[in-house]
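Below: one structure, written as structure tokens.
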Number of protein chains: 2
Amino acid sequence: MQATAANDLVSPDRREEVLAAAAECFMRRGYEATSMDDVADALGATKGRVYHHFRSKPELFFEVFRRAIFILIREAGVHETGPGHAADRLRRMARAHILCMMETQAFQRNLTLGVDLYRFGEPTAEHKATLEELMDLRRGYEDAFRRIFAAGAADGSMKALDPSLAMRTLLGAINWVAVWYSPRPGETRTHREKLAEEIVAQVLGGYLA
Amino acid sequence: MQATAANDLVSPDRREEVLAAAAECFMRRGYEATSMDDVADALGATKGRVYHHFRSKPELFFEVFRRAIFILIREAGVHETGPGHAADRLRRMARAHILCMMETQAFQRNLTLGVDLYRFGEPTAEHKATLEELMDLRRGYEDAFRRIFAAGAADGSMKALDPSLAMRTLLGAINWVAVWYSPRPGETRTHREKLAEEIVAQVLGGYLA
DNA sequence: GCGAGGACATACTGCCGAGTATGTTCGCCT
DNA sequence: AGGCGAACATACTCGGCAGTATGTCCTCGC
């Protein structure tokens, strides 16, 4: 064919390309509005390629979703354990979370999007199982924030608030970043970090002791 | 027929019922996934009824969207002008906004949902015009928050922050309520007000002087 | 008491999109 | 050197959904 022309060596991430394109499409048009052909077009390919790597449209979405959580856990979740008071650790978590929202926006928006699919959808038995698993992952990530709030109340670095409610208001504020943020042309990582700091400063004020 | 059996007098809000059913469906399954038959089923009727009141699916959604903003402006926006410092007025606005999220959840969730349709969709000329108008309404509502933040910096009741950024983090936190909130059985208005107060207390902390 | 129109229901059409079945090309192993 | 399987492309099927065309009932004005 024409596609594999100058393609070097093996390709362990040809699948990865499909995943990224899907995330982008799902973000732009939403899950239902995105056709498999759309994803293929975004790759300059045809459905054949997409279906070769993913069995169905739901499973493709699930993989996008899973990737989004893994990124969050790896980048932000790890800061739950670390030096300093609970407030310090929360600050690092929130900061990393916000940076994820900005730098892996396509994946992260589908994360917030997929929750509805869980709450109201009527999936098949197999899909329901994967959805449960993904929701558990998500819940696990949220629990890290709950624990931090509890720890903050304990070590005196933060106000004594309902951890679940505090988690929700905080995550609401910083998840929203993925909704309104769009990168300026020529924007640098440093600039994003500055912005993240600013957001953290505003948002955390209500929780600190 | 069978529908108009015990139906009293005139019906100025038969259309309203369709609108509410549509909001509910759009919230549950999302815009694209909702068929006109779904909306009709939710009413115990057929497409005929829906298409009698609304010309097309997009226009139906637009009306839901418009209603959502009108509610917000009427309930929360009005508190921009009022007694007290900017901080006090912001508090009342946020409180009312949160109550809207809880009590007209179906409409409000479509509000946050419709923005994507604007940013990435490819609507017809007529739809584009309506979308622009609706986005202006939304922007106008957001501007009220921007002005409050500016006023707060001026009258010393709040920190001097970037009004746009502050608006976004605040609205993120309180819009998110519509995502996670689901009413407890037997829940009363008083309980919701209590919850709203609690959220406001947490969220506003970062902005006050 | 009758014609007109509002408020739907019923019965269609046409298209679009998920999924499938079947090539086709290349690299690799033996 | 030939067969095999990965990695796609091409060409279909088939169901579902937006929109329409048409019929039906009830009510209100006259």
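Below, chain A is the first sequence line, B the second, and so on; all start at residue 1.
Side-chain atoms of B:K57 lie closest to D:dG19 of the nucleotides D:dG19, D:dA9, C:dG17. Proximity note for B:H52 (side chain, C-beta onward) versus D:dA9, C:dG19, C:dG6: the nearest is C:dG6. Comparing atom distances between the B:M36 side chain and each of D:dA18, C:dG19, D:dA9 picks out D:dA18 as nearest.
If you check every strand for non-hydrogen atoms under 4.0 Å, A:T46 touches a base.
Phosphate proximity of C:dC8 to B:R14: present, with a side-chain N or O under 4.0 Å from OP1 or OP2.
When ring centroids are compared, A:H127 and A:F61 stay outside the 6.0 Å threshold.
No donor-acceptor contact under 3.5 Å links the side chain of A:K47 to the base of D:dA9.
Atoms CZ (A:R49) and P (C:dT25) sit 19 Å apart, rounded to a whole Å. Between the CZ atom of A:F61 and the P atom of C:dA18 there is a distance of 14 Å, given to the nearest Å. Remark: P of C:dA7 and CG of B:D13 are 12 Å apart, rounded to the nearest angstrom.
B:R14 has its side chain within reach of B:E17: a pair of non-hydrogen atoms, C-beta onward, lies under 4.5 Å apart.
A cation-pi arrangement is present between A:K57 and A:Y31 under the rule of less than 6.0 angstrom and at most 45 degrees off the ring axis.
Evaluation of the salt bridge (charged side-chain N to carboxylate O under 4.0 Å, His left out) rule for B:R146 yields B:E142, B:D143 as partners, not counting sequence neighbours.
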